[in-house]
Amino acid sequence: MSGGPGQIELTYFAGFKGRGEPARIALHASGKPWTDKTLNFEEFGKAKANGEYPMGLPVMALPSGKVVTQSVAMARYAGKLGSSGLYPADPEVALVVDVVMDICQDALTKCPQDPDEAVKKAKREEYAAGKLKGYMDALSKMIDDSGGPFFTGKDLTVGDLVFKYFLMDMITSGMFDHVPPEYVKSWEKLVSADEAIAKHKVVIDYEASKA
Ligand SMILES: N[C@@H](CCC(=O)N[C@@H](CS)C(=O)NCC(=O)O)C(=O)O
């Protein structure tokens, strides 16, 4: 990986995949030069106190000098660069990718919070049994409809990456408070898709580039 003035720079938290990883993988697959800038929580906290990153991370600096936020938009942009095909050219296939990414954003952003831990636990359990289950069912049906292993069929897209790193990894790593890692096991198709994504050459090549 390389970078510099006039090139792409992605900034996200050090040691975290989450909302940064789909764009990182797509940038790597694009073959374009880019820089992976990471901040630890202390560095982020200081920068935020100074008025930087008002919308949080990730942040992407473009070759034009423009700086943007919004992880899904970045994944989509990165998927269009080069010839990776990670964001499909066909409008209807691209729409399916966008639907997956928007469902995953909804699943995260509608997740209830509460300062009282007992109330948060109750709200999260209700969410897992209700709305989140609905999102998981919808995603599973999309794999059924595509024939798998991925959301648009046999080709990996940024939709698959967003699904894995925003949602599946978040739950299976235990970071989704009060939603247990084994929750995902109720959706066999989603577990299989997650495994197929992890084994895809684009992901393996990216991982190897970090080693
Ligand atoms: N809609 C934004 C949300 C960004 C966001 O909330 N990022 C989190 C980390 S995943 C963050 O930086 N939180 C700390 C903050 O906003 O100060 C996106 O998808 O990029």
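Residues take their numbers from the sequence shown, with the count starting at 1. Remember, predicted model here, so these are calculated numbers, not experimental data.
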Is the shortest distance from a Lys or Arg side-chain nitrogen in [X] or [Y] to a carboxylate oxygen in the other one below 4.0 Å?
X	Y	result
Asp106	Lys131	no
Asp169	Lys17	no
Asp137	Lys133	yes
Arg24	Glu21	yes

Open item on the list: Could you walk me through whether Val203 and Leu161 satisfy the side-chain contact (heavy atoms from CB on, under 4.5 Å) test, starting with their C-alpha distance in whole Å, then the side-chain angles of each, then the deciding distance to 0.1 Å, before giving a yes or no?
Closed with: CA-CA 9 Å; Val203 174; Leu161 299 176; 3.9 Å; yes

- [ ] State, without any angle test, whether Glu126 and His178 hold a side-chain donor-acceptor pair at a distance under 3.5 Å.
- [x] no

Min side-chain heavy-atom separation [X]-[Y] under 4.5 Å:
X	Y	value
Cys111	Leu132	no
Met60	Leu27	yes
Phe150	Val100	no
Phe166	Ile103	no
Leu108	Arg19	yes
Ile8	Leu81	yes
Val184	Met136	yes
Glu52	Val59	no

Is it true that [X] and [Y] fall in one hydrophobic cluster, defined by side-chain heavy atoms closer than 4.5 Å?
X	Y	answer
Tyr127	Val119	no
Met175	Ile171	yes
Val68	Val162	yes
Leu139	Val93	no

If I take atom [atom1] from residue [X] and atom [atom2] from residue [Y], how far apart are they, to the nearest 0.5 angstrom?
X	Y	atom1	atom2	answer
Lys48	Met55	NZ	CE	9.5 Å
Phe176	Met170	CZ	CE	7.5 Å
Lys141	Leu190	NZ	CG	13.0 Å
Gln7	Lys32	CD	NZ	11.0 Å

Between [X] (side chain only) and [Y] (backbone N and O only), is there a donor and an acceptor less than 3.5 Å apart?
X	Y	value
Glu195	Ser192	no
Thr157	Gly159	yes
Asp160	Phe151	yes

Of all heavy-atom pairs between [X] and [Y], which one has the smallest distance, and what is that distance?
X	Y	value
Ala193	Phe163	CB-CE2, 4.3 Å
Ala107	Leu167	CB-CD1, 3.9 Å
Lys123	Asp114	NZ-OD2, 2.9 Å
Trp187	Ser140	CD1-CB, 3.8 Å
Leu86	Ala26	CD1-CA, 3.8 Å
Arg124	Asp177	NH1-O, 3.0 Å

Open item on the list: Between Glu117 and Lys121, does the salt bridge (Lys or Arg N to Asp or Glu O under 4.0 Å) criterion hold? Intermediate values first, please.
Closed with: CA-CA 6 Å; Glu117 199 55 38; Lys121 182 171 184 292; over 6 Å; no

- [ ] For Asp98 and Arg76, run side-chain contact (heavy atoms from CB on, under 4.5 Å): C-alpha distance rounded to whole Å, both residues' side-chain angles, the deciding distance at 0.1 Å, then the answer.
- [x] CA-CA 8 Å; Asp98 287 343; Arg76 192 181 291 118; 2.9 Å; yes

TODO: Determine whether the aromatic ring centres of Phe16 and Phe41 lie less than 6.0 Å apart.
DONE: yes

